[in-house]
A.B. asks: 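Okay, here's the structure, questions in a sec.
Chain letters run A, B, ... following the sequence lines, proteins first, then strands; residues in each count from 1.
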Amino acid sequence: MQQRPNEITLQKHGEVTLLDIRGDITAFSESFLNDAYRNSNTQGARKLILKFEDSAYINSGGIAVLIQVLVQTKRNNQQVGIAGLSEHFKKVFHMVGITKFAAIHPSIDDALKAMS
Amino acid sequence: MQQRPNEITLQKHGEVTLLDIRGDITAFSESFLNDAYRNSNTQGARKLILKFEDSAYINSGGIAVLIQVLVQTKRNNQQVGIAGLSEHFKKVFHMVGITKFAAIHPSIDDALKAMS
Amino acid sequence: MLDEQTVQVNLPNQLGYERVAMGSVAAYAKSVGFLPERIEDLKTAVAEACINAVQHGNKGRKDARVIVTITFKEGVLGISVFDEGSGFTSPPRDPDIVRIMDNLDPPVGFGVFLMKKLMDELEFKTLPDRRNEVRMAMRLSK
Amino acid sequence: MLDEQTVQVNLPNQLGYERVAMGSVAAYAKSVGFLPERIEDLKTAVAEACINAVQHGNKGRKDARVIVTITFKEGVLGISVFDEGSGFTSPPRDPDIVRIMDNLDPPVGFGVFLMKKLMDELEFKTLPDRRNEVRMAMRLSK
Ligand SMILES: Nc1ncnc2c1ncn2[C@@H]1O[C@H](COP(=O)(O)OP(=O)(O)O)[C@@H](O)[C@H]1O
Ligand SMILES: Nc1ncnc2c1ncn2[C@@H]1O[C@H](COP(=O)(O)OP(=O)(O)O)[C@@H](O)[C@H]1O
């Protein structure tokens, strides 16, 4: 059963780069997320917002992929915010401990305000 | 597998009686719908609005129950409007032909306006 | 039958469990790209087939099962609903709402009617081993 | 096993089909009265159990199956996920996000961790006939 490809849009908001990620986040998202991160990186982003769809299905494979990106952001001294998660996945991200390394914001606007 | 009971609220709006029906409409809804109709009837309703939840699951058993109510409204010369259906069940009601005997309205307000 | 594209859902022979089949079919159809509107059609069709399997095929027997298979091949979602009955005695007529409203016909026959209307294909098969299959299909493109 | 309250879902051994199990479980749980928030927990837990059955239990074998049973008795929703593997060699440790972020641990172990956190009960059983069962339960009252 194929997963429909993710779509990722990059936007610059001042010194913050927004990665607007559409689709489910699973092991299949690995190359999409890594490519998107690499692109944001060559654009010299110091601050990143990862925006997910609130209807996205995120599983442990997707969490692993995300954490691999976060490992790189940490190494590159980048600040990361997360937006757009459903209440359920906010809880899951909290359980897993992702929130220790990336703050969850209620919306893109809130994330931009908090990070600018 | 039990179905959760329907809840039905009766409201008078001038000469129109509104039956606000919560829950799924299946064969299990027979006594609820018939009781509600009988109550609306003793209140001397000439015009009825049947309001469903737009998340309701309606199956052929429920359609049969509804039609049994419509047979009675026809015999009693009552005008019936329907509101609150999802797009899918609007289509289903149209396919089955229920719309020949009860007009579907986009909302309770529209139904009240059209029937007053 | 149970190949690499096929999911099988095995249900108790009781009204209500068709909701589980609806959930399974909806999730499968969504995964392969059906739009929400068509998924609603699929849900209604599979629910009606399951209800008939419980009531007409398995005649309400508590120890019988209803089996639903869901598969997607060459752009077509195929759903089969199996019961332990002997199938159709005569092909059901479309319900006539005007006759029903005039109390000339009973309010029955909506299940098969809706399956026919909502699906692209509908087929009734009586299988050798005292089993009955209702097979329906919907193309993805549509 | 397949009694009057039990639904069985039989899935191909491939990632993605866990979505069908999620749909089946969600529909069952909704029918017996679970709230949307708890249904999300159930969906994540059953998805992780199915993913593990595909990857660890059935080791990706194309001809293997993943079997999910769903039942509701005395206010408890029970879900079992069966694979054709030999079960756990050692109980997995909870992932340590700080060590993972420091590249000291690989980013694994979230599946079992989430099942434990999201469900009221979680149990691993190796069955005689070369099969493995992951059993989880959630009380309705909660
Ligand atoms: N699985 C089945 N096995 C045997 N007969 C069936 C089955 N499904 C449908 N039928 C027959 O087709 C008729 C029409 O079914 P349906 O349109 O669902 O309406 P209803 O259930 O209201 O009769 C049934 O009355 C029955 O005679
Ligand atoms: N169905 C299973 N059969 C055999 N081993 C399993 C099964 N499910 C989980 N495991 C073991 O438990 C470990 C932890 O699983 P999990 O928490 O899902 O993390 P991950 O899949 O990332 O390793 C797996 O690495 C595997 O060793």
A.B. asks: Decide yes or no for D41(C) and K117(C): does some side-chain heavy atom of the first lie under 4.5 Å from some side-chain heavy atom of the second?
C.D. replies: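 With C-beta onward as the side chain, the pair stays apart.
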
A.B. asks: With heavy-atom distances below 4.5 Å as the criterion, would you say the side chains of E84(C) and N132(C) are in contact?
C.D. replies: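 Heavy-atom side-chain distance check fails, nothing below 4.5 Å.
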
A.B. asks: Please classify the contact between Q14(C) and chain D as side chain, backbone, both or neither, with a heavy-atom cut-off of under 4.5 Å.
C.D. replies: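 Only the side chain of Q14(C) comes within 4.5 Å of chain D.
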
A.B. asks: Over 60° means perpendicular and under 30° means parallel, so classify the ring planes of F88(C) and F124(C), tilted if in between.
C.D. replies: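 It falls in the tilted class, 30° to 60°.
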
A.B. asks: State, yes or no, whether a side-chain contact exists between M115(D) and N52(D) at a heavy-atom distance under 4.5 Å.
C.D. replies: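 Yes; the side chains approach each other to less than 4.5 Å.
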
A.B. asks: Is chain D contacted by the side chain of N13(C), its backbone, both, or neither, given a heavy-atom distance below 4.5 Å?
C.D. replies: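 Neither; nothing under 4.5 Å.
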
A.B. asks: Would you call D83(D) and R65(D) a salt bridge, taking side-chain N to carboxylate O under 4.0 Å as the test?
C.D. replies: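 Salt bridge absent between D83(D) and R65(D).
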
A.B. asks: V134(C) versus S80(C): any side-chain heavy-atom pair under 4.5 Å?
C.D. replies: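 Result no, sub-4.5 Å side-chain heavy-atom pair not found.
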
A.B. asks: Tell me, out of L11(C), D3(C), D63(C), I70(C), who's got the most heavy-atom pairs with chain D below 4.5 Å.
C.D. replies: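 Looking at each option in turn, the highest pair count goes to D3(C).
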
A.B. asks: Do other residues, nucleotides or ligands put more than 12 heavy atoms under 6.0 Å from R61(D) CZ?
C.D. replies: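 Count over threshold, so yes.
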
A.B. asks: Chain D contacts: which residues in residues 15-28 of chain C have a non-hydrogen atom closer than 4.5 Å to it?
C.D. replies: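 Within residues 15-28 of chain C, the residues that come under 4.5 Å of chain D (heavy atoms only) are Y17(C), R19(C), V20(C), G23(C), S24(C), A27(C), Y28(C).
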
